[in-house]
Amino acid sequence: MRSLWPHGGLWRHGDFLKLWSAETISQFGSTIDDIAFPLVAILVLDASAFEVAALGTVLFLPFILFTLPAGVWVDRLPRRPVLIIGDFGRAALYATVPIAYVADALTLWQLYVVGFLVGVFQVFFDVAYQSYLPSLVDRNQIIEGNSKFEISRSAAQISGPGLGGILVEVLTAPYAVLVDALSFVASGLFLLGIRKPEPRPEVVRTEDGRKPSMWHELKEGLRFVLGNPNLRAQAGCTATSNLFSSVGFAILLVYLVRDLELSPGLIGLVFSVGAVGSLVAAFTSTRISRRFGIGPTTIVVAALFGPAMLLAAAAPKGNAAIPFLVCAQLVFGFTVVVYNIVQVSYRQAICPPGLQGRMNSVMRFIVWGTIPVGTLLGGVLGSTIGLRETIVVGAIGASAAVLWIVFSPQRHLREMPEPVDDAVAEPAPA
């Protein structure tokens, strides 16, 4: 009798399935929180557009402050414990929001502190998470693994925002945040169940037998990323897109609630329906990149980042805005997911194992470090030139991100290259 279980690949990789389950649960909780956490500020604390944008800045500020040293530590330490601590730490922090709400002690400053500390845990989790996958699965399974992660993320984006909007309306926003806290607990428990021994981090020493300094190790990661023209272009494209996308997204919820007069439930429904584009991309990105090549695929999807945002800016007030917003979400979700799968898989595939943490931390620092700047700029622009106008500014800037790829060797790249040799990655003696 034929088994109904999917055949081959990572479907039969028990430890990967635990990692995938952990990430899936966490993603569902996080998509609820993406709506619930800022709505705590908007609906419960009556925060201004600038204060809401500042909350987004605080959430991403740790990526500027801690990402680079996090990469060094992740290469020195086993990565699974870092992931587990990251999950349980974020669960504890988010749980303080409903507790303070019940005690009638919730303030905007508490949201800022919780957001900042959650961001610190997120920094270490993300660097360890992207560095852990190549040690858990074979190299030829990396794209499949990233595609499955994106399927989960896309599925969460379809149902999570709608559920989040309903929870906010039924339970109020602080209790919806509690759901995210519980999701991190469940994610951590799955990670505890992974049994594959993790390779012991290699102890690297200098010529005189001493352990290299953090700065010395960090320079190796910087040299690897900045010395590769394709990685430089990828970093520039993603950083530019994140900078200007954050300008618009920083005030998007305020725009939807106050300018377009949409309810939390309807906002969640719009995000959920629009996220179908992300799910389609997760299932098709591998075939698309193989059919058209890594470089051409990246150029096409990156060129659509800005136009998707313009659709949201063109939306009229009331229910008539829904088709505009859904189309914007469909296009943006599809293009971003295809871009992420192709680009993340590329850099994981070419990087030596001993540099994975530092490579990912340098990339995270560059591409996520622009987000706090963008959110803060979005708050300033939203309070001065208007919410709709701010989204237009973000869309125009995001449209220019593709030029990094167009004017780089990556535009000719068609197939996934072989890994860079460890000897090539090592810097010349100081």
Side-chain angles (χ1 to χ4, degrees), residues 31-57 59 157-173 176 244-278 304-336 374-399:
T31 52
I32 292 172
D33 191 67
D34 287 342
I35 284 185
F37 198 65
L39 284 178
V40 172
I42 296 171
L43 300 177
V44 177
L45 301 176
D46 197 28
S48 67
F50 178 80
E51 288 171 331
V52 174
L55 182 60
T57 300
L59 281 166
Q157 288 179 335
I158 290 173
S159 58
L163 178 59
I166 293 172
L167 288 174
V168 169
E169 290 195 347
V170 174
L171 303 177
T172 71
F244 287 101
S245 296
S246 297
V247 169
F249 290 140
I251 49 82
L252 180 62
L253 276 177
V254 184
Y255 167 69
L256 299 179
V257 171
R258 295 179 181 166
D259 275 21
L260 302 188
E261 300 178 354
L262 300 179
S263 68
L266 196 53
I267 292 171
L269 180 62
V270 166
F271 285 142
S272 293
V273 174
V276 171
S278 301
L304 294 173
F305 292 162
M309 293 179 65
L310 284 175
L311 283 172
K317 185 177 294 187
N319 292 343
I322 294 176
F324 289 82
L325 299 175
V326 168
C327 288
Q329 284 293 110
L330 285 170
V331 175
F332 195 82
F334 180 86
T335 55
V336 167
T375 54
L376 191 61
L377 179 59
V380 172
L381 292 176
S383 301
T384 52
I385 67 174
L387 301 174
R388 192 185 300 268
E389 292 78 5
T390 299
I391 295 175
V392 172
V393 171
I396 294 172
S399 298

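Separation of atoms CG (Leu252) and CG (Asp259) is listed at 11.0 Å; rounding is to 0.5 Å. Here the CD atom belonging to Glu389 is positioned 9.0 Å from the OH atom belonging to Tyr255, to the nearest 0.5 angstrom. Distance check, rounded to the nearest 0.5 Å: CE of Met309 to CG of Leu304 gives 13.5 Å. Atoms CG and OG, on Leu376 and Ser246 in that order, are 11.0 Å from each other to the nearest 0.5 Å. The line from CD1 of Ile322 to CD of Gln329 is 13.0 Å long, rounded to the nearest 0.5 Å. Between Asn319 atom CG and Ser263 atom OG the span is 8.5 Å, to the nearest 0.5 Å.
In this structure the side chain of Leu381 reaches within 4.5 angstrom of the side chain of Val393, judged on heavy atoms. Phe305 is listed as a side-chain neighbour of Val336, based on a closest heavy-atom distance under 4.5 Å. The shortest distance between side-chain heavy atoms of Phe50 and Ile251 does not fall below 4.5 Å. Looking at Ser48 and Ser383, their side chains never come closer than 4.5 Å, going by heavy atoms from C-beta outward.
In this structure Thr375 satisfies the side chain to side chain donor-acceptor pair (under 3.5 Å) test together with Thr57, sequence neighbours excluded.
Closest approach of Leu262 to Gly318, counting heavy atoms only: CD2-O, 3.7 Å. The minimum heavy-atom distance linking Leu330 with Gly277 is given by the pair CD2-N, 3.5 Å. Residues Gly378 and Ala250 approach most closely at CA-CB, 4.5 Å, considering heavy atoms. The minimum heavy-atom distance between Gly386 and Thr390, with the atom names listed, is O-OG1, 2.7 Å. Taking each heavy atom of Ser399 and Pro307 in turn, the nearest pair found is OG-CD, 3.8 Å.
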Chi angles and distances behind the side-chain contact (heavy atoms from CB on, under 4.5 Å) call for Leu253, Val52: CA-CA 9 Å; Leu253 276 177; Val52 174; 5.8 Å; no
Starting from the C-alpha separation in whole Å, work towards a yes-or-no answer on side-chain contact (heavy atoms from CB on, under 4.5 Å) for Val276 and Phe334. CA-CA 8 Å; Val276 171; Phe334 180 86; over 6 Å; no
Using side-chain contact (heavy atoms from CB on, under 4.5 Å), reason through Ile42 and Arg258 one step at a time and then give a plain yes or no. CA-CA 10 Å; Ile42 296 171; Arg258 295 179 181 166; 3.8 Å; yes
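Across Leu266, Leu311, Ile267, Leu260, a single residue satisfies side-chain contact (heavy atoms from CB on, under 4.5 Å) together with Leu325, and that is Leu260.
Ring geometry for Phe332 against Phe249 counts as perpendicular: the plane angle is over 60°, on a 0 to 90° scale with 30° as the lower cut.
A distance-only check finds a donor-acceptor pair linking the side chain of Arg388 to the backbone of Ala315 [under 3.5 Å].
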